[in-house]
4 protein chains.
Amino acid sequence: MTEEVQRARRLPRAVRERQILDAAVQVFSRYGYHTASMDEISEVAGVSKPMIYTYLGSKEDLFAKCIRREATRLLEAIQDGVKPELPPDMQLWHGLRSFYRFVADFRESWTVLHRQALTVGGEFAAEITAMRTRAIELVAALVVNAGARKGLAEQAEFSGEGLSAALVGAAESLADWALDHPDVSDGVLASWLMNLVWLGFNDLVEGDVWKPTA
Amino acid sequence: MTEEVQRARRLPRAVRERQILDAAVQVFSRYGYHTASMDEISEVAGVSKPMIYTYLGSKEDLFAKCIRREATRLLEAIQDGVKPELPPDMQLWHGLRSFYRFVADFRESWTVLHRQALTVGGEFAAEITAMRTRAIELVAALVVNAGARKGLAEQAEFSGEGLSAALVGAAESLADWALDHPDVSDGVLASWLMNLVWLGFNDLVEGDVWKPTA
Amino acid sequence: MTEEVQRARRLPRAVRERQILDAAVQVFSRYGYHTASMDEISEVAGVSKPMIYTYLGSKEDLFAKCIRREATRLLEAIQDGVKPELPPDMQLWHGLRSFYRFVADFRESWTVLHRQALTVGGEFAAEITAMRTRAIELVAALVVNAGARKGLAEQAEFSGEGLSAALVGAAESLADWALDHPDVSDGVLASWLMNLVWLGFNDLVEGDVWKPTA
Amino acid sequence: MTEEVQRARRLPRAVRERQILDAAVQVFSRYGYHTASMDEISEVAGVSKPMIYTYLGSKEDLFAKCIRREATRLLEAIQDGVKPELPPDMQLWHGLRSFYRFVADFRESWTVLHRQALTVGGEFAAEITAMRTRAIELVAALVVNAGARKGLAEQAEFSGEGLSAALVGAAESLADWALDHPDVSDGVLASWLMNLVWLGFNDLVEGDVWKPTA
DNA sequence: GATGAATGAGTCTTCATTCAT
DNA sequence: AATGAATGAAGACTCATTCAT
């Protein structure tokens, strides 16, 4: 037998689980939860269907495990990028860079998280929402809290929760856009968003742009 | 036969089509494209399945027609709200108000457009993207063009297309948030977004808030 | 198209349901609940599988409906045979004759009821037990009550419930035996059982009980 | 390694086989042949699945071996109880007592033999029938032969084989009933059955037969 | 114009069984 | 001797879609 085949046989469980999850993320990201078939996942994984069920459970279980693994990866990637010793705007910028780098490096992970996780409904939506919330808290705490400290919370023109939702939406939407424009670097993407949310259009129009300082 | 039954029978085609589309939007918005069943749509519409196929084609056709009808409605609602004689920021604010009013008034339309249209993939994604593009062009032209006129287009810190995508994402995300907070008026939602994109966090933190002037 | 095919197409629901139940009883009786496949039932019924699910529900539902229909048939057959104006022993004899006639005429019904219903467990066992109980009450009331009236209930040598169970078991077991001996008439079968249990009961009723002597 | 683990490893084949058979009887009796899974049996036995196949063959083989072992046990238990020096009725009574004691002591054995063996069909049915036959011959020979000697075999009202079948059925059915009434002793159960069938046979042997009168 | 009746095709899931170590 | 790893085969169930009336 060739070494190739040797390598693929009788692997320890942990390795197989990773293989399967990798294949599942790939297939789910391409076809979406409903259209994806366990048959295709097993083919891509190079593993028979029963293994999937033995190791990872039902299709829904499998999807949940994909979502959780990729979400954890994403959050860790962002957290690793943030540098707490820097001023708030730079922290935000670094966080965003990490985010866009992750999206570029792991398109499929991002697609599964952003696009496909919504299509199942119910339990997953809740999980995804929780992650979005954690994400926004992680990244936007800097900004929103800054505002809150100044008593903005009382003004109708301001709402931490609402603005957070908007900010996350903006970042995600730009990430999608970036998927079709791979030539734009993560630093630039992060800068655009900074200019939008940090300075606002008004300042932009005045020629006042935000730039990273460190 | 009673008049009740009479009314349900032998209706002109246009009326039947509307009935069916209404039911389809309702069911698609609740369950999503894949989980929705033609059986349920026909039940909700009070029409047998063969009628649906005769009048509106396959499930995919039906979904496409839902998307198109609701997208048209949304765009018209926004366009009706914009007042070209006002200054750019007020135009933007009015456009956003109309948008949020529409989302509140026609939850199902919005849900189908925003959430469910993504789950099908391929052909629909393109169509939806086209509509988002039209939307962003319609609403954000004001801002972007203003910036462009000042030569911002040449700076790496600025990208009309990218920022537009971000802006639309922010507006959509806030719309979703608003679905769970029906007590927040469309005017307030629009103001929040104005403060985010028009002034930026920086000005906000300085206590400088944007307010509608007309 | 031939008339044969004509007859098989577009039948009203009630007719199809009967066809399917007939086929199901046949297949279940031959293979048992677990080994029987919906595919085979649909083939035997001359109907596609979806029809079965549409009309009669899941495999378990289908089986339950078989059991209930056949049980009802059996009980009715027995009830029709009993002649209340006759003395108790003759009533019992006629009831048994009807029972054995039914078993001979509808082997499959009997097989499903007696053999296969036990194999599913849980819900069905209860239902079958209820029917056995009704059966024994129906047929053996004559005998047992006769005994009870004479104060037998107080004796350890007697137990209405236990003896009823034994009697039913005897009748069923003889029915199974009869399936392999179709030449023995229902009248003879009934007589055998009468001689086994009636003479026994008769002595019992007279207060003549058997007791161990060593 | 601990002694505990030591004890579980490298056991002589005979011991392993017994372990497995014990587990199999337990699982088969609880779930029935089809619903029982080899996985569960191997778990209960504390042995890996390949061992089962190596030692005892396929699922069907395993089941057959269960049946045979338990049937042998049952027959031996009954035989041990019978005392050939006593008169026929007492022999019968002792045999029945042994039977009911076995059923009470080894519920699972009895359940597998009586309930589950029927659900497989074909080959097993034959085997079980053979055992029932041996059982009836063993226990009822006394009675039936007594009758046969008196020339009863020629009468339509009598049939050794048929009555035997009925008698076995009665005994089995009462055994099932006894499973739900553990407070009734084996002696009482045996007495009930004696009263049902012995007094009946007794009259039969005396030539006193019941005949329909109308 | 309108529909009850009917199905082909495909999906998830399970289980007995066997390698390779 | 013993087992974790692996799968072929099969079964229940569903759904978009179309006749025949």
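Chain letters run A, B, ... following the sequence lines, proteins first and then strands; every chain starts at 1. Everything quoted here is computed from the prediction, not taken from an experiment.
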Convert the base pairs of DNA chain E into dot-bracket notation, remembering that pairs crossing earlier ones are written with [ ] and that bases paired across to another strand are shown as |; include only Watson-Crick or G-U pairs under 3.5 Å. .||||||||||||||||||||
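Taking for each of D:M51 and B:H34 the nucleotide of DNA chain F with the nearest heavy atom, the 5'-most of the two is the partner of D:M51. Each of B:T54 and A:K59 has a nearest nucleotide on DNA chain E; the 5'-most of these lies closest to B:T54. Of the residues near DNA chain E, C:P12 and A:E60, the one whose nearest nucleotide (by heavy atom distance) lies more toward the 5' end is C:P12.
Atom pair D:L62:CG and E:dC15:C1' shows a separation of 15 Å (rounding to whole Å applied). Following rounding to the nearest Å, A:I52 (CD1) and E:dC15 (C1') show an atom-to-atom distance of 16 Å. We find that NZ of A:K49 is positioned 9 Å from P of E:dT11, with the value rounded to whole Å. Atom OH in A:Y55 sits roughly 16 Å away from atom C1' in E:dT14 (whole-Å rounding). Separating the CZ atom of D:F63 from the P atom of E:dC15 is a distance of 17 Å, rounded to the nearest angstrom. If you measure from atom CD of D:E43 to atom C1' of F:dG4, you get 14 Å, rounded to the nearest angstrom. Atom pair C:I20:CD1 and E:dA5:P shows a separation of 12 Å (rounding to whole Å applied). Between C:D39 atom CG and F:dA12 atom P the separation is 7 Å, expressed in whole Å.
Within 4.0 Å of D:R13, counting heavy atoms only, lies no atom of the nucleic acid at all. As judged by a 4.0 angstrom heavy-atom cut-off over every strand, C:M38 is placed among residues touching the sugar-phosphate backbone only.
Distance from the side chain of C:Y53 is smallest to F:dC13 among F:dC15, F:dA20, F:dC13. Comparing F:dT18, E:dC15, E:dT17 by their closest approach to the side chain of A:P50 singles out E:dC15. For A:R10, counting side-chain heavy atoms from C-beta on, the closest listed nucleotide (F:dA5, E:dT13, E:dT7) is F:dA5. Of the candidate nucleotides E:dA5, F:dA6, F:dA16, F:dA6 has the atom lying nearest to any side-chain atom of A:L11.
Considering all non-hydrogen atoms of both residues, A:A36 and A:V27 come closest at CB-CG1, 3.7 Å. Nearest heavy-atom pair, D:Y55 versus D:E17, reported as atom, atom and distance to 0.1 Å: O-OE2, 3.6 Å.
For the atom pair CZ of D:F106 and CG of D:L113, the computed distance is 12.0 Å after rounding to the nearest 0.5 Å. A distance of 12.5 Å separates CZ of D:R30 from OG1 of D:T35, quoted to the nearest 0.5 Å. In this structure, A:S48 OG and A:E43 CD are separated by 12.0 Å, a value rounded to the nearest 0.5 Å.
Between B:R16 and E:dA2 there is a side-chain N or O to OP1 or OP2 distance below 4.0 Å.
Surrounding CZ of B:R13 are more than 12 heavy atoms belonging to other residues, nucleotides or ligands, all under 6.0 Å away. Around the CZ atom of C:R73, the shell of radius 6.0 Å holds more than 12 heavy atoms that belong to other residues, nucleotides or ligands.
In this structure the side chain of B:Y33 never reaches within 4.5 angstrom of the side chain of A:H34, judged on heavy atoms.
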Apply side chain to side chain contact (heavy atoms under 4.5 Å, CB included) to B:E108 and B:V112, showing your working. CA-CA 6 Å; B:E108 293 173 344; B:V112 163; 5.6 Å; no
Name every donor-acceptor pair, under 3.5 Å, that has one atom in a side chain of residues 60-69 of chain A and the other anywhere in the protein, sequence neighbours excluded.
| unit_1 | atom_1 | unit_2 | atom_2 | d |
| --- | --- | --- | --- | --- |
| A:D61 | OD2 | A:S58 | N | 3.3 |
| A:D61 | OD2 | A:S58 | OG | 3.4 |
| A:K65 | NZ | A:L56 | O | 3.4 |
| A:R68 | NE | A:E127 | OE2 | 2.2 |
| A:R68 | NH2 | A:E127 | OE1 | 3.1 |
| A:R68 | NH2 | A:E127 | OE2 | 3.1 |
| A:R69 | NH1 | A:D22 | OD1 | 3.2 |
| A:R69 | NH2 | A:D22 | OD1 | 2.7 |

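Residues from residues 26-33 of chain C that place a heavy atom under 4.0 Å from any atom of DNA chain F: there are none.
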